[in-house]
Amino acid sequence: MTDKDITIRLGAAAGDGIQSAGEILTRMLSMSGQYVCTYNGNQSLIRGGHVWFHIHAGNWRVTSLGNGIDYMLALNQIAFDEHIGKINQGGAIIFDPKTVKAGTIPAGVTPIRLPLTEIALKYDKRPLMKNTVGIGALAALLGIDRKEIGEVIQLQFGSKGKQIVEGNVNAALEGYGLAAKSFVPTKSLEFDYSKKRMFTHADFALAAGAVNAGCKFYAAYPMSPASPILHYMAINAEKMGISVLLAEDEIAAMCATIGAAYAGARAMCATSGGGFALMQEALGMAAMNETPIVVVDVMRAGPSTGLPTKTSQGDLNMMLGISQDDFPRVIIAPRNSEETFNTMGRAFNIAEKWQVPVIVLLDFGIGDGGYSTVDNLDFEEPIDRGKLLTEVGDEGTWFKRYELTDDNVSPRVLPGTPNGMFVAKTDEHDEYGHDLSDVEAGLQHAVEKRVEMMNKRMGKLTGIAVEMNLPEVAGPADADVTLVSWGSTSNPIREAMRQLWAEGVKVNSVEFCDLFPLRWKEVAKMLRKARHLIDVESNYTAQMAGLIARETGIMIEDRLLTYSGEPLEPAEVVEKVKNVLKKEIGVSVRNKAL
Amino acid sequence: MTDKDITIRLGAAAGDGIQSAGEILTRMLSMSGQYVCTYNGNQSLIRGGHVWFHIHAGNWRVTSLGNGIDYMLALNQIAFDEHIGKINQGGAIIFDPKTVKAGTIPAGVTPIRLPLTEIALKYDKRPLMKNTVGIGALAALLGIDRKEIGEVIQLQFGSKGKQIVEGNVNAALEGYGLAAKSFVPTKSLEFDYSKKRMFTHADFALAAGAVNAGCKFYAAYPMSPASPILHYMAINAEKMGISVLLAEDEIAAMCATIGAAYAGARAMCATSGGGFALMQEALGMAAMNETPIVVVDVMRAGPSTGLPTKTSQGDLNMMLGISQDDFPRVIIAPRNSEETFNTMGRAFNIAEKWQVPVIVLLDFGIGDGGYSTVDNLDFEEPIDRGKLLTEVGDEGTWFKRYELTDDNVSPRVLPGTPNGMFVAKTDEHDEYGHDLSDVEAGLQHAVEKRVEMMNKRMGKLTGIAVEMNLPEVAGPADADVTLVSWGSTSNPIREAMRQLWAEGVKVNSVEFCDLFPLRWKEVAKMLRKARHLIDVESNYTAQMAGLIARETGIMIEDRLLTYSGEPLEPAEVVEKVKNVLKKEIGVSVRNKAL
Amino acid sequence: MLETKLYESDIRPDWCPGCGDFGALSAVKNALASLEIEPHNVLISSGIGCASNFPGFIRTYGHHGLHGRPLPVAVGAKLANPSLTVLAIAGDGDEYGIGFNHVVHTARRNHDVKLLVLNNEVYGLTTGQLSPTSVFGQRTKTTPYGSSIYPLNPLSTLLGVGATFVARGFSGQVKQLSELIQAAIKHRGFSIVDILSPCVTWNDIYDNVRSRMYSLDTVSHDRTNLHAALDRSKETEKIPLGIFFQNEDSPSFDELLHKTVNNRFPVNEVKHMTEEEKKVAISIFS
Amino acid sequence: MLETKLYESDIRPDWCPGCGDFGALSAVKNALASLEIEPHNVLISSGIGCASNFPGFIRTYGHHGLHGRPLPVAVGAKLANPSLTVLAIAGDGDEYGIGFNHVVHTARRNHDVKLLVLNNEVYGLTTGQLSPTSVFGQRTKTTPYGSSIYPLNPLSTLLGVGATFVARGFSGQVKQLSELIQAAIKHRGFSIVDILSPCVTWNDIYDNVRSRMYSLDTVSHDRTNLHAALDRSKETEKIPLGIFFQNEDSPSFDELLHKTVNNRFPVNEVKHMTEEEKKVAISIFS
Ligand SMILES: Cc1ncc(C[n+]2csc(CCOP(=O)(O)OP(=O)(O)O)c2C)c(N)n1
Ligand SMILES: Cc1ncc(C[n+]2csc(CCOP(=O)(O)OP(=O)(O)O)c2C)c(N)n1
Ligand code: SF4
Ligand code: SF4
Ligand SMILES: [Mg+2]
Ligand SMILES: [Mg+2]
């Protein structure tokens, strides 16, 4: 089996149905045995403007958006103009000459002029189906079996009735027929119709993973690109018995999550950076009163409102500095949908075992903004609730909820348990949860107890670090260049490395999924092995490089940074590595639109 | 003139008037030419418990609390028991044997038994004046001229009427007489009644400095230990024409500050860490729409509610990670009241010149919690409002508020100015303040503009860094040990160094007042000169050392950290330095009550 | 009636001698004992302030959280474990200032949590600044020349919101207060009891309240009549105490949610999805 | 009357064709032109959402800030420069959800800022989730089986607060809406105009509103009568439009503050303290 892959892009105005067209195509490819990776070129508006849907598909595990565009469907003028320059040699662009005026078409790119609107109007009064015609045409270029079209359209539109399904199928097949006639594919895929692959974005994967881990409480205030998690919970609430709270703001969402966790539920809330900013004070509360919660930030390009539908990895510093003074927190940034699903059981286990807040960081690029194939979902991560008592002996007025122990974790009890009364306290407190801040404050014994309590809480980080995963090293141990990344940025790196390896370049990558706490001495050892480090991140200040420097003293001076809102393309990584090998060292910034 | 200094402590229950007694004594000393430095051992309650007031005074510029206690006034049992062990050899403790049972008194400490209550009851029905009697007694031990007593009591109680003044004066003089008889002072001060020194805490100094800098808008929600700033503004609002807004929460306080600054006022708000956590989203807004504001965090011991009346330097990481994604901010941590006053003009100038939020970090120890002498107040720092236009030509529909310029600062105009209309925008925007996030988002020109706008905002940091002060080096250039500190922690270091120098130890200190942005290359050069670095901070994780490592790669492994809530004493620094010189290197943690 | 000593803590309240909050503490203990709700089935969620120091002074489960946020914590806890009696107890700064939006929305959604506001018309713990309920003209550290800020009327506001149980008590009248709290706990859904609780240090309104108060039981007040309730809530000469308004026709948020998602006591609930659920969970993945 | 083209922007609104917000935009322009308030003396402070995209679509000073925070920004700006006409324009999510506490407190303090809420009873820009004003039973992405959450009645709530100007308009009735906005601007202190502004994409209530609306001018409604206003605000069959309540007897916060601190236009104000002020400023230092 040789490796084959292809990139496809669909462009139109918001409201033209390009999202659903892209999904149909993604489904078609997944049902033909392809691995997929997609990206939504969204805008922060509801109708109009220009949106696009990009697909990278192949018979190997594609992780990123590939390079350039092989086949393009341009439903309006701006789609044509904006993307024509990115079409690869040997590629093609489908458009309706009635609505799109083709300018100069680059040599090596085939224009495929199809009467998309005319065909669409055959099946409906409004020309909405023109994208269905386009999908059919794309399917032809890809060489997908005609009968897949019917199946997938049935899946997508089944609920809308037979007539709509048939209309769409016929429209697609007409597009298929015409395109097949007008173009001899230059690139092809290897289909295996027996392999039906699943795909999803990390938001849904996260929600599903959380529910599988026993999450029964979810609170949120809507915020892009985290809203799909809320929608997932809402739609499944009844079937799964999840209490969903549409809170009046993010502060309430976070506090209710803490209340639910305190009362015993596995509880979670999610938002994006701006909402997370508001949750910070309460997150400090959870850490202080040792209530286990899982909190999700699906990052988008900021600062402030920024670019709500664009991607970024700009919130790491916020996670390192959440609210006032020092307290333990755990930060995990899964790299893709599959890893996200598989992380959630672990996230809840760490939260409950160590009685700390666990933060899961996603970004628009792999969250709401991009599907990828999920092959290996682990439903069986054991549930570990840590030191959770179900019974307490009658030993006095109050229960020692914050008992000092060797591992810094105290036995926990839930309201409703006889003899277990305690106060979950945000003031500094003694082992029963009583104030050290009022009549005791400043007295020698209270000062000592305060220090012990700080040591207890912060000491957990040492224990947690032992359980955290070190960064994964991908590629050969012996490499001239080592790319350092975290979360989603590892995806274009993986594809870039394939390309570089093929060209004989010795490159590997150190990819952080677990970010904090870590066994930093071991991380330092790993990094010191590298001959030359390049930090690759999607933010202005190289926040992960900052964390690495803070914890190890290792300064990664060579950097590939993007903060344009657009995800990195593998080609940019390839170029950076080659430049570095040519001794062009320093900080590189990308500002291209995808 | 030889250097002379003394430490005094007054202890009682909250509500016993120990705060005002301490103030009287501080005033008496200041009016006798002494430099002072005080500390409030407060608790988070209104009445009861145990509070104390500590004074360090001398004819040299004392900066910290000195070592131990020379003279103590213990008004109740707990005050006696809690502090007796800290009294220095040659010291004395004043108490009323009727209310306090003296346990074993350490050798070398003189007990002075006085009928405090009995005397007090002579002048009032309630024994409230017993602390006045005590003050008189302390004045005798100190050897202050009797006539100072009358003057100061007149100052303190003048507004309460002649009878009260007289009663207090007589009570004090009786105490004076009795104590003078019963004790031959072992330690004395050198008085100069012609030198009247001023003292204040950094909260008031900050407020006064801000008002002098033209601050005419102040918004706040009360929070200890930042409330005195609000009280100062409230009391002076009418006289100075300051608009004070008691906001419904910190978010509103911050947003109103931004609104006022946008409309043209020099505007400020202040809070403590928990309130600041809530302000973070809005602070990102100010940075994004380039509205100049000054924001104050008076740090207290956390995390979460923590110890509201105790001190800490735990909020630096929060300042480095404020809300989502990267944006410029300036962080300054003045070291004492005087520097705080003198910083405010600069803070507002930087804010307006660079159109960025400026954060001033104080802590309880020098804020609400401690007075110190202010000698050199600079009222004349020129006011620089930067590129503020008062007129705009008629050049089109909108004004180019976010024009790209060489220094990354765009001309600014205030609402009310004809032809100056623009939108202050938190979405990513073009030069007029129009959205790049909706119909433009992701299009090549908008992506490029976005990157330019990020570069513009973040680029300011480079310009600002040039104007920021490098850390001050105190002590000899040639030192075996270099202490690194920021803000208030420099104060015990200064006193410790005096002691160490006297003993021939070669030690100096690098003290950061301006924290971010800095010319880090130069900082690194300064630090690399040191033979051995010790980081001294009041937090668990050595946050400043973390920042230094992040920016320079220099890891300061040797640390003296305190997170007990109590400020560091010079003696602890002395001990640490000596241990290090004995090669006992590593992290030291202090957990003593002061 | 259970014994009130069941609820005794070994922690002495740190309130100033004479603080109104002592009366409220007695009333809450009495109410719980009267309703025979055992200590371990009670959760008290508070904020930050003198009033919010409540948990720990009474032997129940307590959550002493953040200034202004007692309600959302209570709401989450009640949803996770509907068998708990969940009270939020806090100050006027907590609930009528920074946290009032939570009050409004918890009220309008009719969550089954009970809010007791120890209203001393001042910020007590932060040393006496003007609170949202401080009266016009009040002198405080933040209004040294007298306040010229209109105060919030929490009761008329909550009547406007459509809160289903609105009452006012006085911590100097422990018996009546206990009865109000009992009624609040028994109410179907959200209830608020605004408790005038004098701050003897910064705002001693004992005499003022005593001289102006009267009980709504002594007049023919129809608590199902919104207009009557509104008029009572807006009285300025006299201070009515009692239940201003009650409506038991609206199911609580928790009832409505329970009907659909059947949420249960959480400890035994944490388990992986069933095979059936797994299929549903990932049906969206293809 | 000034020409409305003075307020024309060169930015085309990004709202969906047919969105109710277009009508509100016309009404605001018309109201400002009618009152002859020049564009440079107007500041529009908004939040985040479709409605909040307002600034930029009209040529005045604009502050397009944070979700829920238009009012505090407006309040600060108005205090700093009392000569500006300050409007806050935002969505129901902004003002009745996350930001409602600011509405309550801005209203009770009677700040001289004017709030226009473009109420489409849904979160528009975030793709159609349930908002605080979405009706019981409404199907949205977050309530796929129909909402069982009681909505907020913002008007009755603000009447309970004691807001001094409470009105409702409809963006499909531009002329009446303009008049309401003019009245709101002329009002002494805080005013709110709740504007029903249909979202054609997620919650098209045009027909619903048209079939149920009537003008309060057509009935004998006494806008000085709180009880009458409350009843009107609680109508469910019909939708009254117009001014529900107005009280011009209470000085605004800004008037009261101006009397004491004499705040003025800020540009020329920034200077060091006078010698006299210096003495006062540091009198506390000794
Ligand atoms: C976010 C935040 N802001 C401010 C504070 C400071 N603070 C503590 S208690 C309090 C007010 C207390 O007043 P109230 O709620 O009326 O309670 P009381 O002390 O009067 O009983 C404030 C403002 C805080 N802890 N957290
Ligand atoms: C703190 C914060 N939370 C959430 C969001 C996401 N958000 C953007 S617009 C919006 C709601 C918009 O609804 P509404 O205010 O009713 O305005 P509309 O779009 O309906 O006009 C939300 C929740 C945000 N930007 N900031
Ligand atoms: S300050 Fe006031 S509210 Fe606080 S404990 Fe004292 S009397 Fe009670
Ligand atoms: S989504 Fe609704 S509110 Fe937003 S622009 Fe479209 S129609 Fe208007
Ligand atoms: Mg209060
Ligand atoms: Mg809306």
Side-chain angles (χ1 to χ4, degrees), chain B residues 13-16 19 40 42-51 203 218-239 242-253 271-275 277-279 298 300 302-309 368, chain C residues 12-19 21 46-53 63-69 91-102 120 122-134 138-152 199-203:
Chain B
D16 278 352
Q19 167 80 18
N40 282 354
N42 278 355
Q43 299 181 317
S44 184
L45 48 55
I46 303 299
R47 286 206 197 148
H50 172 59
V51 299
D203 278 8
Y218 183 78
Y221 190 83
M223 187 157 193
S224 310
S227 300
I229 303 173
L230 170 59
H231 303 160
Y232 184 100
M233 293 299 191
I235 213 128
N236 288 305
E238 298 197 11
K239 285 171 219 128
I242 308 161
S243 299
V244 175
L245 180 70
L246 298 173
E248 57 273 20
D249 65 12
E250 286 85 354
I251 300 174
T271 182
S272 186
L278 293 171
M279 291 177 168
V298 187
R300 68 191 208 189
S304 201
T305 310
L307 295 163
T309 61
D368 195 10
Chain C
R12 229 179 46 150
D14 62 357
W15 294 316
C16 308
C19 174
D21 295 354
S46 78
I48 296 296
C50 295
S52 284
N53 284 345
H63 191 284
H64 186 182
L66 295 176
H67 186 52
R69 317 300 173 196
D92 46 316
D94 275 314
E95 297 302 349
Y96 302 146
I98 188 170
F100 192 59
N101 204 30
H102 307 308
N120 53 16
V122 78
Y123 288 160
L125 189 59
T126 44
T127 73
Q129 296 86 355
L130 196 85
S131 100
T133 48
S134 299
Q138 190 163 321
R139 273 172 203 266
T140 66
K141 288 187 181 175
T142 49
T143 51
Y145 307 103
S147 162
S148 54
I149 303 171
Y150 305 111
L152 180 75
C199 169
V200 294
T201 299
W202 309 112
N203 190 32

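Here is how names work: the chains are called A, B, and so on, in the same order as the sequence lines, proteins then strands, and each is numbered from 1.
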Looking only at B:L230, B:I251, B:L246, B:L278, most heavy-atom pairs under 4.5 Å shared with chain C are made by B:L246
Keeping the roles fixed (side chain from C:N203, backbone from C:N120), state whether a donor-acceptor pair exists under 3.5 Å.
yes
Could you look at C:H64 and say if it's the side chain, the backbone, both or neither that has a heavy atom under 4.5 Å from chain B?
neither
The interface call for C:F100 against chain B, heavy-atom contacts under 4.5 Å, is neither
Can you tell me how far apart CZ (C:R69) and CD1 (C:I48) are? Round to the nearest 0.5 Å.
11.5 Å
Sort out for me which of B:D249, B:I235, B:L45 touches chain C most, counting heavy-atom pairs under 4.5 Å.
B:I235
Chain B heavy atoms under 4.5 Å from C:I149: which part of the residue, side chain, backbone, both or neither?
side chain
Does a side chain donor of either B:S224 or B:S227 reach within less than 3.5 Å of an acceptor in the other side chain?
no
Value for OG (B:S272) from CD (B:E250), rounded to nearest 0.5 Å, stands at 9.5 Å
Polar side chain donor-acceptor pair, B:Y221 to C:Y123, under 3.5 angstrom:
yes
Which region of B:E238, side chain (C-beta onward) or backbone (N, CA, C, O), has a non-hydrogen atom less than 4.5 Å from a non-hydrogen atom of chain C, or is it both or neither?
side chain
Enter the distance from B:D203:CG to B:I229:CD1 here, rounded to the nearest 0.5 Å.
4.5 Å
Could you look at B:S304 and say if it's the side chain, the backbone, both or neither that has a heavy atom under 4.5 Å from chain C?
side chain
